[in-house]
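What follows is one structure encoded as structure tokens, with my remarks underneath.
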Protein chains: 2
Amino acid sequence: MHIPLDRHSVIPLYLQIEETLRCAILDGSLKEGDKLPSTRMLAAELAVSRLTVENAYGELAAKGFLQARRGSGAYVCHPYAPPAPPAAEQTALFPVDPFTTGASRLDGQADSPLPPDVINFAAGVGNPRIFPQEAFRKVMHSVLRRHAEEAFHYGDYCGYYPLRDTLARILSLQGIPARPEQILITNGSQQALSLVSHTLLRPGDTVLVEEPTYAEALTLFELQGVRTVPIPCDADGLCVDALPALLAAHRPALIYTIPNFHNPTGRCLSEPRRRQLVKLAEAAGVTLLEDDFVGDLRYQGAALPSLRSLAAGGGVIYVGTFSKMLMPSIRIGYLVADAALYPRLAQRKHLDSFTTSSLLQRSLDAFVTVGSYQRQLQRACRLYRQLRDVAADALARHLPPGCRVELPEGGLFLWVQLPPDIPVSRLMPLAWQQNVTFARGACFYRNNPQAEFTLRLNFSAQTPERTVIGIERLARAMTLCRAQTAERATLINPE
Amino acid sequence: MHIPLDRHSVIPLYLQIEETLRCAILDGSLKEGDKLPSTRMLAAELAVSRLTVENAYGELAAKGFLQARRGSGAYVCHPYAPPAPPAAEQTALFPVDPFTTGASRLDGQADSPLPPDVINFAAGVGNPRIFPQEAFRKVMHSVLRRHAEEAFHYGDYCGYYPLRDTLARILSLQGIPARPEQILITNGSQQALSLVSHTLLRPGDTVLVEEPTYAEALTLFELQGVRTVPIPCDADGLCVDALPALLAAHRPALIYTIPNFHNPTGRCLSEPRRRQLVKLAEAAGVTLLEDDFVGDLRYQGAALPSLRSLAAGGGVIYVGTFSKMLMPSIRIGYLVADAALYPRLAQRKHLDSFTTSSLLQRSLDAFVTVGSYQRQLQRACRLYRQLRDVAADALARHLPPGCRVELPEGGLFLWVQLPPDIPVSRLMPLAWQQNVTFARGACFYRNNPQAEFTLRLNFSAQTPERTVIGIERLARAMTLCRAQTAERATLINPE
């Protein structure tokens, strides 16, 4: 098999292999049931590592183009082909590392460029076209001209002090009391979560999490040997009524929550529940980890008080970021913690990776200080609100009956609940076939059968036109999926 | 007490407080035995957090300007004052977090600017004056102009592929076989160590380490609940003869070693010992973590084979960095690992902080590709060799009898062993008084009484002139320390 590889391309080798194979399947050169070469053979042939080939096969499997049969190998699985009997189909997906096909792929890797004909609703970040590259480039240029020496030194481990001071003022304006000494700059909010997890939790500990919740937080806890126990959620966020029993039964070390424009559901925790949550956590002596990854992207309704502002005793660690809205690669997030925890978190940050780039911190501070950040925020809010409305309208018009969509008041995500005859694992390959993709609900759950009937759409990432086209494609895939289900039912129970 | 604070300064508040108090002690406004206000009172007076004041007091204590008496408070401890009786002096240092006063301060915080009159031999990085700021600024400017969009996106979690490819070629030229798929880009080599520690080790595990060794590695392991067991070392590096017994007795999960221009001793592991070490580790099935933080800074002698190149079975994780030599704040390091470990390390990197800044990775790749890095390396080697010789010469001429200094063949550090009448804990305040500072040996040991008679000098960080002046000051402090010891002996045993 000829698979051309460009070893100098930005596109990783495994994605190059995956794309060549996928195209070969779609154009019919590879047929349903064809056996693919073993990973060892193909790796030798292409002079790449086996891992690269395994990753490529993993991608194909995740998209429904490949089936692994235990002990036998990998077989082409054409999405156009008549469906196999359900029992065989549900089992034996290609056994790849969850890293490749699960959460990370959809919540992060999916931020990498996909083929341009695919409309990508899977990304975890805002619209790349409105990232203020030119304005930020200018600020950075000026920092480099004026402060090159300082910009290339370590600087303070806890973060560039003027940036922490600026952040303290912004947070205070939002009703979140914070002094610069309580703010720790991190490499994106992901590092903030990781620092908290490594500082506060030990293997065997329990964390209460919303269900569903941010995929990378689930994996982070799991990888550390920490047990996650789901808190049931509804349209008003996590159900506080369920908390007393969960606190008593599991004695958790931490409660992790995303109160604003939740990932993946887009929901907000209601104000009475916020107060109740803080009260219960304080009474139980449990630290709250408040992940406010897009709290400032509100398009309607009144801002809700942050948990940190409601907690008198300081038992809340607040986490924010500039990555989702401003630019992913800036990798600057932060946490706010009280003196009881701050030194331990700062030490952990120091030992994990020393400082965050002084150049990027100084540039960000300059960008915020001259008001560019606030203008950018207003611009993003206007655009994303429009995109949310376009998406909601298109979904209402095109989605087949039985789908449920909630309209979020802000953030990046729309959460779609599917009817029983449109399971997401069968929808996904059909969607790929229609050149549209999304984040499967399964990334955000641990072993909940509901996951199979949910998906997350990032409504901010496309132009209005492509948003509508993408949703039309998605609706078409859903209709095809529903027809397949009906056909299968007929095959199994012929009249 | 009036302590002026500039809340917009780059200098952290705690260092501003520390400096004002230190000056007040040195100019006599605060006298030996004066009681300082409680941290609570001073924090309230200055409207800063208590932590800030605690950190300031911690700094003062570390430099010998303050003594904490348990349950009573903090008292001024004037370095000029006649020494207190030994028993009282050795106990009850101000009880601060080791983070503030220990390793991190000397190996990293000491890279922050100190008052300009202090000659700082404590830093852990190369000479800031030769960091190629202007050249790097130009490269970065060009990347921003041509690739702003890509530079501000996440990019590949494992690192920018062309940079990994470039690194693979550089490493291969150095006899270290590496394919791009085996290279993981990290936020400095510190993150590489942290990833290995979190991926391979569990609380209760044992790591064999050289004694002394890199302070931040010791703290990293310790913080994770991992036991460190020292391997004795001599001028040829770690004593491999001691290994079989240590391996049998402790069944370690990892051996951590710095074979080239060791931190802090500057020594190299001899070639026969390298072969023996790899053989023993392979036989015992123990992974080797090879920290090659300045391996390319060799000024004389032949390069020694890396452990990774000697290990056929792939049981060595190799770690390198651009921070020490190029620019600390670039925060780009890397590790090389085989397929058996790579995916787990990559997943951990992803969950710790997602990607490393695409902008910095792309700029670095461009910088290396056009040959600027190699020129910079040659320039650094020429200068640092000269500085090493200047320092060695000045030490030979000025240090009092009984001090032992080893001449390293490369790297950044000179290791000084002190005679019994010059203990480092009494030398340090005297050195501060002479406006010179260094890294105490204690940072690099765990509970070894030898530590009290060792110190590390970074010979690369000053001009030749300041290097000589700094060593003269250090020698003066040593002579004063020796005189104090003699005077004390007379007080205790009057003739």
Side-chain angles (χ1 to χ4, degrees), chain A residues 7-8 10 12 48-52 97 99 104 108-109 111-112 128 131 133-134 137 140-141 144 148-157 161-162 165 179 181 187-188 190-191 194 202-203 216 219-220 223 327-331 339 342-343 347-348 350-355 357-360, chain B residues 7-8 10 12 48-52 97 99 104 108-109 111-112 128 131 133-134 137 140-141 144 148-157 161-162 165 179 181 187-188 190-191 194 202-203 216 219-220 223 327-331 339 342-343 347-348 350-355 357-360:
Chain A
R7 284 168 203 271
H8 298 280
V10 246
V48 300
S49 75
R50 268 185 83 180
L51 180 68
T52 302
D97 192 301
F99 171 56
S104 67
Q109 209 89 293
D111 296 318
S112 303
F131 294 155
Q133 279 144 16
E134 186 49 27
R137 193 180 69 71
M140 195 175 269
H141 187 57
L144 280 171
E149 187 160 343
E150 300 88 337
F152 286 128
H153 274 62
Y154 279 137
D156 190 339
Y157 286 128
Y161 194 87
D165 196 52
R179 289 193 308 279
E181 289 79 11
N187 300 330
Q190 184 68 28
Q191 191 185 35
S194 167
R202 290 252 145 197
E216 259 82 0
T219 318
L220 178 69
L223 205 67
M327 280 172 299
S329 175
I330 195 169
R331 308 305 309 125
Y342 189 92
Q347 180 185 28
R348 168 55 68 187
H350 168 60
L351 291 171
D352 265 12
S353 59
F354 287 179
T355 55
S357 159
S358 305
L359 169 64
L360 294 175
Chain B
R7 285 170 203 271
H8 298 282
V10 244
V48 299
S49 76
R50 269 186 81 181
L51 179 68
T52 301
D97 191 303
F99 171 56
S104 68
Q109 209 90 291
D111 296 315
S112 304
F131 294 156
Q133 278 144 17
E134 185 49 27
R137 193 180 68 72
M140 194 176 268
H141 188 57
L144 280 170
E149 186 160 344
E150 299 87 337
F152 286 127
H153 275 61
Y154 278 137
D156 190 339
Y157 287 127
Y161 193 86
D165 195 51
R179 290 193 307 280
E181 289 79 9
N187 300 329
Q190 185 68 28
Q191 191 184 34
S194 167
R202 291 253 145 196
E216 259 83 358
T219 318
L220 178 70
L223 205 67
M327 280 173 300
S329 177
I330 195 169
R331 308 305 310 124
Y342 189 94
Q347 179 185 28
R348 169 53 71 186
H350 169 60
L351 292 171
D352 265 12
S353 60
F354 288 178
T355 55
S357 160
S358 305
L359 169 63
L360 295 175

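A note on names: the letters A, B, ... follow the listed sequences, proteins ahead of strands, and every chain is numbered from 1. What you see is a predicted model; the values in this text were computed from it and never measured.
Under a 3.5 Å cut-off, the side chain of B:R179 and the backbone N or O of A:V48 do not form any donor-acceptor pair. No donor-acceptor pair under 3.5 Å is formed between the side chain of B:R348 and the backbone N or O of A:L220. Under a 3.5 Å cut-off, the side chain of B:Q190 and the backbone N or O of A:L351 do form a donor-acceptor pair.
With a 4.5 Å cut-off on non-hydrogen atoms, B:R50 does not touch chain A at all. Contact of B:E181 with chain A is made through the side chain alone, with heavy-atom distances under 4.5 Å.
Nearest heavy-atom pair across A:R202 and B:L223 is NH2-O, 3.6 Å. Considering all non-hydrogen atoms of both residues, A:S353 and B:N187 come closest at CB-O, 3.8 Å. Between B:L144 and A:R137, the shortest heavy-atom distance links the atoms O-CD, 3.2 Å. Nearest heavy atoms, A:L359 versus B:M140: CD2-SD, 3.3 Å.
Summarising the geometry, atom CD belonging to A:E216 is positioned 3.5 Å from atom NE2 belonging to B:H350; distances are rounded to the nearest 0.5 Å.
Side-chain contact check for A:S357 versus B:I330: every heavy-atom pair is 4.5 Å or farther apart.
Comparing A:T52, A:L51, A:D352 by heavy-atom pairs within less than 4.5 Å of chain B, the highest count is held by A:D352.
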